[in-house]
Amino acid sequence: MSSGVAARRDAKKLVRSPSGLRMVPEHRAFGSPFGLEEPQWVPDKECPRCMQCDAKFDFITRKHHCRRCGKCFCDRCCSQKVPLRRMCFVDPVRQCAECALVSHREAEFYDKQLKVLLSGATFLVTFGDSEKPETMVCRLSNNQRCLILDGDSHHEIEIAHVCTVQILTEGFTPGEKDIHTYTSLLGSLLASEGSTRATGMFLQYTVPGAEAATQLRLMAGEDANGSKRQAAAWLAAMHKATKLLYESRDQ
């Protein structure tokens, strides 16, 4: 990809919405697959009472809209201002208590795991039915839309075209699971601080014009230096990313 095309894909602009300032992609098609659209606010005329505590709105009890869910609340039930990076807000925005908890949990991904994914890690990569793996660096693109693999060859896989993801762990026999099932099965393994270690990743993705999905397997190397630890950290971060991706598809 030329530097000019890459620059256009990463270009952003500042826009103002009723909820606040947002730094969004210059072109909508290049938005992050982890992003969420701003919700439609519940119309004021349809909301005479707080949708959490049922307090009646009046001159003293004013109504506020949660920027994440769009529902209407009193100040007591919607007083927190929390970063909402999945909607690209520049500053923290008002959210109800339930949404604020979710946004706080997501902040860890943006503060920690996303940096790991952008930095990349080295894996032994096997494409399709090939028996010979290739040493490649795998990383997430700056606009978060593609997995980029660089070695003797170069590959870019659009996140939106990934249909199956499975993190492989020590002592775990792989089978094909969709994103939702994989998250349910392996979330506790990768979130724990026990001895379970992520050792690789299996994924399937579609290629425009191809009838069958393409398979890809990444495995951490067996060397004793820091690259294996870096690969395990990258895989754990990929677990978090896949969970967010599933949630964004579900919303």
Side-chain angles (χ1 to χ4, degrees), residues 12-25 28 30-118 140 143-145 159-160 165 178-184 186-188 190-192 236-251:
K12 295 185 178 182
K13 62 182 178 180
L14 190 64
V15 299
R16 181 180 294 278
S17 74
S19 298
L21 286 174
R22 302 171 65 215
M23 185 64 74
V24 301
R28 184 183 180 88
F30 297 146
S32 168
F34 305 116
L36 296 175
E37 295 292 333
E38 283 190 82
Q40 291 291 325
W41 284 8
V42 174
D44 287 351
K45 63 182 180 181
E46 297 179 10
C47 190
R49 295 177 176 274
C50 174
M51 300 180 74
Q52 177 65 40
C53 71
D54 203 39
K56 184 177 180 180
F57 295 124
D58 53 29
F59 182 75
I60 297 176
T61 305
R62 309 299 293 272
K63 61 183 63 176
H64 302 278
H65 286 87
C66 172
R67 272 50 175 174
R68 186 180 181 110
C69 67
K71 295 178 181 179
C72 199
F73 303 91
C74 67
D75 182 69
R76 180 182 299 178
C77 295
C78 193
S79 61
Q80 298 186 60
K81 289 192 175 181
V82 180
L84 184 44
R85 301 184 192 179
R86 294 188 73 183
M87 292 184 190
C88 303
F89 284 108
V90 173
D91 301 309
V93 292
R94 188 183 291 270
Q95 297 178 55
C96 66
E98 182 178 350
C99 286
L101 285 175
V102 176
S103 294
H104 275 305
R105 288 196 298 267
E106 292 174 350
E108 181 185 1
F109 171 77
Y110 286 93
D111 291 336
K112 298 179 181 179
Q113 280 83 21
L114 183 57
K115 294 177 182 178
V116 172
L117 292 174
L118 293 172
L140 187 67
N143 62 14
Q144 304 166 23
R145 294 190 61 82
I159 297 292
V165 176
D178 63 20
I179 288 176
H180 189 194
T181 305
Y182 131 83
T183 299
S184 301
L186 302 180
S188 60
L190 294 177
S192 70
M238 189 64 187
H239 163 257
K240 296 284 187 178
T242 307
K243 185 175 181 181
L244 281 186
L245 181 61
Y246 172 77
E247 290 172 350
S248 63
R249 288 176 176 176
D250 196 43
Q251 294 186 39

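Small disclaimer: the values here were computed from a predicted structure and weren't measured. Computation of the quantities below employed the complete heavy-atom set of this structure, encompassing side-chain atoms and omitting hydrogens, waters and symmetry-equivalent molecules. Residue numbers count from 1 along this sequence.
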Can you give the donor-acceptor pairs under 3.5 Å from side chains of residues 51-58 to other protein atoms, not counting sequence neighbours?
{"from": "D58", "atom 1": "OD1", "to": "I60", "atom 2": "N", "distance (Å)": "2.9"}
{"from": "D58", "atom 1": "OD1", "to": "T61", "atom 2": "N", "distance (Å)": "2.6"}

- Does K45 have any side chain to side chain contact (heavy atoms under 4.5 Å, CB included) partners at least two apart in sequence or in another chain, and if so, which? P43
- Item | All salt bridge (charged side-chain N to carboxylate O under 4.0 Å, His left out) counterparts of D44, not counting sequence neighbours | none
- Message: I'd like to know if the side chain of R85 reaches the main chain of A107, judged simply by a donor and an acceptor atom lying under 3.5 Å from each other, with no hydrogens or angles considered.
- Response: no
- Message: Under the side-chain hydrogen bond (donor to acceptor under 3.5 Å, both in side chains) definition, can you give me all pairs with a residue in residues 70-83, not counting sequence neighbours?
- Response: D75-R94
- Message: Just verifying a value: how many Å separate C72 SG and H64 NE2, rounded to the nearest 0.5 Å?
- Response: 9.0 Å
- Message: Could you check whether any side-chain heavy atom of L244 comes within less than 4.5 Å of a side-chain heavy atom of R86, counting everything from C-beta outward?
- Response: yes
- Note on the structure: The reported gap from NZ in K115 to CG in L118 (rounded to nearest 0.5 angstrom) is 10.0 Å
- Message: R145: which residues meet the side chain to side chain donor-acceptor pair (under 3.5 Å) condition with it, sequence neighbours left out?
- Response: none
- Can you name the residues that form a ring pair (Phe, Tyr, Trp, His ring centres under 6.0 Å) with F109, not counting sequence neighbours? F34
- Query: Going from OG on S32 to CG on L140, what distance comes out if it is rounded to the nearest 0.5 angstrom?
  - Reply: 8.0 Å
- Query: Got a sec, which residues hit ring pair (Phe, Tyr, Trp, His ring centres under 6.0 Å) with H65, two or more places apart in sequence or on another chain?
  - Reply: W41
- Item | Least distance between heavy atoms, C50 atom then C77 atom | SG-SG, 3.8 Å
- Note on the structure: Applying side chain to side chain contact (heavy atoms under 4.5 Å, CB included) to L101 and not counting sequence neighbours gives R105
- Query: Taking all non-hydrogen atoms of both residues, which atom of S103 and which atom of Q95 are closest, and how far apart?
  - Reply: OG-OE1, 2.7 Å
- Apply side chain to side chain contact (heavy atoms under 4.5 Å, CB included) to E98 and list each qualifying residue two or more places apart in sequence or on a separate chain. C96
- Applied to residues 79-103, the ring-ring contact (aromatic ring centres under 6.0 Å, His included) test, sequence neighbours excluded, yields none
- Query: Going by atom types only, do R22 and S17 share a side-chain donor-acceptor pair under 3.5 Å?
  - Reply: no
- Note on the structure: Hits for salt bridge (charged side-chain N to carboxylate O under 4.0 Å, His left out) against E37, two or more places apart or cross-chain, chain-then-number order -> R28
- Message: Restricting to side chain to side chain contact (heavy atoms under 4.5 Å, CB included), what partner residues turn up for L14, sequence neighbours left out?
- Response: L21, M23, V90
